[in-house]
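Scroll down for the structure; my scribbles are underneath it.
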Amino acid sequence: MQKKERFRRFIEYFTEHYPDPKTELHFSNPYELLVAVILSAQCTDKRINQISPALFARFPEAESLAAASVEEVFSYIRSVSYPNNKAKHLVGMANALMNRFGGEIPATVDELQTLPGVGRKTAHVILSIVYNEPTMAVDTHVFRVSHRLGLAPLTANTPLAVEKALMAHIPKQHVPKAHHWLILHGRYVCLARSPKCEECALKEFCKYFEKVVRS
DNA sequence: ATCCCGAGGG
DNA sequence: CCCTCTGGAT
């Protein structure tokens, strides 16, 4: 099947079944989203949502988080992965927001990536959700599912390469939604260890299903 | 033993 | 390019 046809079917299916996908992270403003996304690295959204209410209540905005001690922040996030690194990142990030951006969340990839704990993936999530820009954040789910469905070639072996492969074939108006579609599919159907191929609506053109499951 | 919406450093 | 960080679920 041609690549163009793969993308067409992918978009068609999810437009039909998930017309308005959203992140499962809980947040009520851009600052909370940024904190939640930084915490979400190598950790499930469900766990972040368990600890974020107390964290946001204690540090409601960048100013209070910037003034906090790393030890106290650590005490709120000890149950997420890499709590030491993330506590340092959060305090450093909040200080950077206060010192360089007037406490506001910057709106460009380059500026966002200067914040401690914010890489390309996190920056693109913020740009997509907060500023409604057609950026494709490539995380572990997007990376894996894109390869399995044949939306990105296996030679695209870095997140940036997968990002470019996807951006070349997904119409701009579908890019923010496609990001969430790939994550939802990866989280609930196209699991990393034992994917639920039998209940996958896209298995008929899936390269992984063709190669691994049928053999 | 492997994975979860990665980032920073060597 | 590699390595480290490092809690909880499966």
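When reading the values below, keep in mind they use all heavy atoms of this one structure, side chains included, and skip hydrogens, waters and symmetry mates.
OP1 and OP2 of B:dC3 both lie 4.0 Å or more from every side-chain N or O belonging to A:Arg144. Residue A:Ser40 places no side-chain N or O under 4.0 Å from the OP1 or OP2 atom of B:dG6. Of the side-chain N and O atoms in A:His141, one or more sit less than 4.0 angstrom from OP1 or OP2 of B:dC4. At B:dC4, none of the side-chain N or O atoms of A:Arg187 fall inside 4.0 Å of OP1 or OP2 (strictly under the cut-off). Considering only side-chain N and O atoms, A:Ser79 lies nowhere under 4.0 angstrom from the phosphate OP1 or OP2 of C:dG7.
Residue contacts for A:Arg193: at a heavy-atom cut-off of 4.0 Å it reaches a base atom on one of the strands shown. Across all strands shown, A:Pro159 has no heavy atoms under 4.0 Å from either base or sugar-phosphate atoms. Residue contacts shown for A:Leu39 are absent, as no nucleic acid heavy atom lies under 4.0 Å away. Looking at heavy-atom distances under 4.0 Å, A:Val118 makes contact with sugar-phosphate atoms alone, never a base.
Nucleotides C:dT6 and B:dC4, compared at atom C1', are 12 Å apart to the nearest Å. Using atom C1' as the reference point in both C:dC5 and B:dC3, the two lie 16 Å apart (nearest Å). A distance of about 22 Å separates the P atoms of B:dA7 and C:dG8, rounded to the whole Å.
Proximity note for A:Ala192 (side chain, C-beta onward) versus B:dC5, C:dG7, B:dC3: the nearest is B:dC3.
Remark: C1' of C:dT4 and CD of A:Gln42 are 12 Å apart, rounded to the nearest angstrom. The distance from atom NZ of A:Lys121 to atom P of B:dG6 is 5 Å, rounded to the nearest whole Å. The separation between A:Asp139 atom CG and B:dC5 atom P is 8 Å, rounded to whole Å. Here B:dC5 presents its P atom at 11 Å from NE2 of A:His179, a figure rounded to the nearest Å. One can place CG of A:Asn49 at 16 Å from P of C:dG8, the figure rounded to the nearest angstrom. One can place OH of A:Tyr188 at 12 Å from P of C:dT10, the figure rounded to the nearest angstrom. Nucleotide B:dC4 holds its P atom 19 Å from the CD1 atom of A:Ile51, rounded to whole Å. Atom pair A:Leu160:CG and B:dA7:P shows a separation of 13 Å (rounding to whole Å applied).
Counting only Watson-Crick or G-U wobble pairs whose defining distances are both under 3.5 Å, the stems of 3 or more consecutive pairs in DNA chain B are B:1-4 with C:7-10, B:6-9 with C:2-5.
A 6.0 Å sphere centred on CD of A:Glu63 holds no more than 12 heavy atoms belonging to other residues, nucleotides or ligands.
Each of A:Lys46 and A:Gly117 was matched to the nucleotide of DNA chain B holding its nearest heavy atom; the match closer to the 5' end belongs to A:Lys46. For A:Cys43 and A:Thr158, each mapped to the nucleotide of DNA chain C holding its nearest heavy atom, the one lying further toward the 5' end belongs to A:Thr158. Between A:Asn157 and A:Gln50, the residue whose closest nucleotide on DNA chain C is further toward the 5' end is A:Asn157.
Screening A:Lys164, A:His179, A:Arg120, A:Glu163 for a side-chain contact (heavy atoms from CB on, under 4.5 Å) involving A:Val138 leaves a single residue, A:Glu163.
Note on residues 2-19 of chain A: pairs passing salt bridge (Lys or Arg N to Asp or Glu O under 4.0 Å), not counting sequence neighbours, are A:Glu5-A:Arg8, A:Glu5-A:Arg9, A:Arg8-A:Glu12, A:Arg9-A:Glu204.
A salt bridge between A:Lys46 and A:Glu24 is absent, with no side-chain N of the basic residue lying under 4.0 Å from a carboxylate O of the acidic one.
For the residue pair A:Thr108 and A:Glu111, a side-chain donor N or O sits within less than 3.5 Å of a side-chain acceptor on the partner.
For A:Phe14 and A:His185, the gap between ring centers is short of 6.0 Å.
Listed in residue order, the members of residues 81-114 of chain A having a heavy atom less than 4.0 Å from DNA chain C are A:Ser81, A:Tyr82, A:Pro83, A:Asn84, A:Asn85.
Side-chain atoms of A:Thr23 and base atoms of B:dC5 include a donor and an acceptor less than 3.5 Å apart.
Using modelled atom types, no side-chain atom of A:Thr135 and backbone atom of A:Leu127 make a donor-acceptor pair closer than 3.5 Å. Judged purely by atom type and a 3.5 angstrom limit, A:Arg144 uses its side chain to pair as donor or acceptor with the backbone of A:Gly186.
With hydrophobic clusters built from ILVMFWY side chains whose heavy atoms lie under 4.5 angstrom apart, A:Met98 does not share a cluster with A:Leu115. A:Ile129 and A:Tyr18 sit in two unconnected hydrophobic clusters of ILVMFWY residues. Membership requires side-chain heavy atoms under 4.5 Å apart, directly or through other members.
Annotation for A:Lys121 and A:Ser40: closest pair NZ-OG, 3.9 Å, computed over non-hydrogen atoms.
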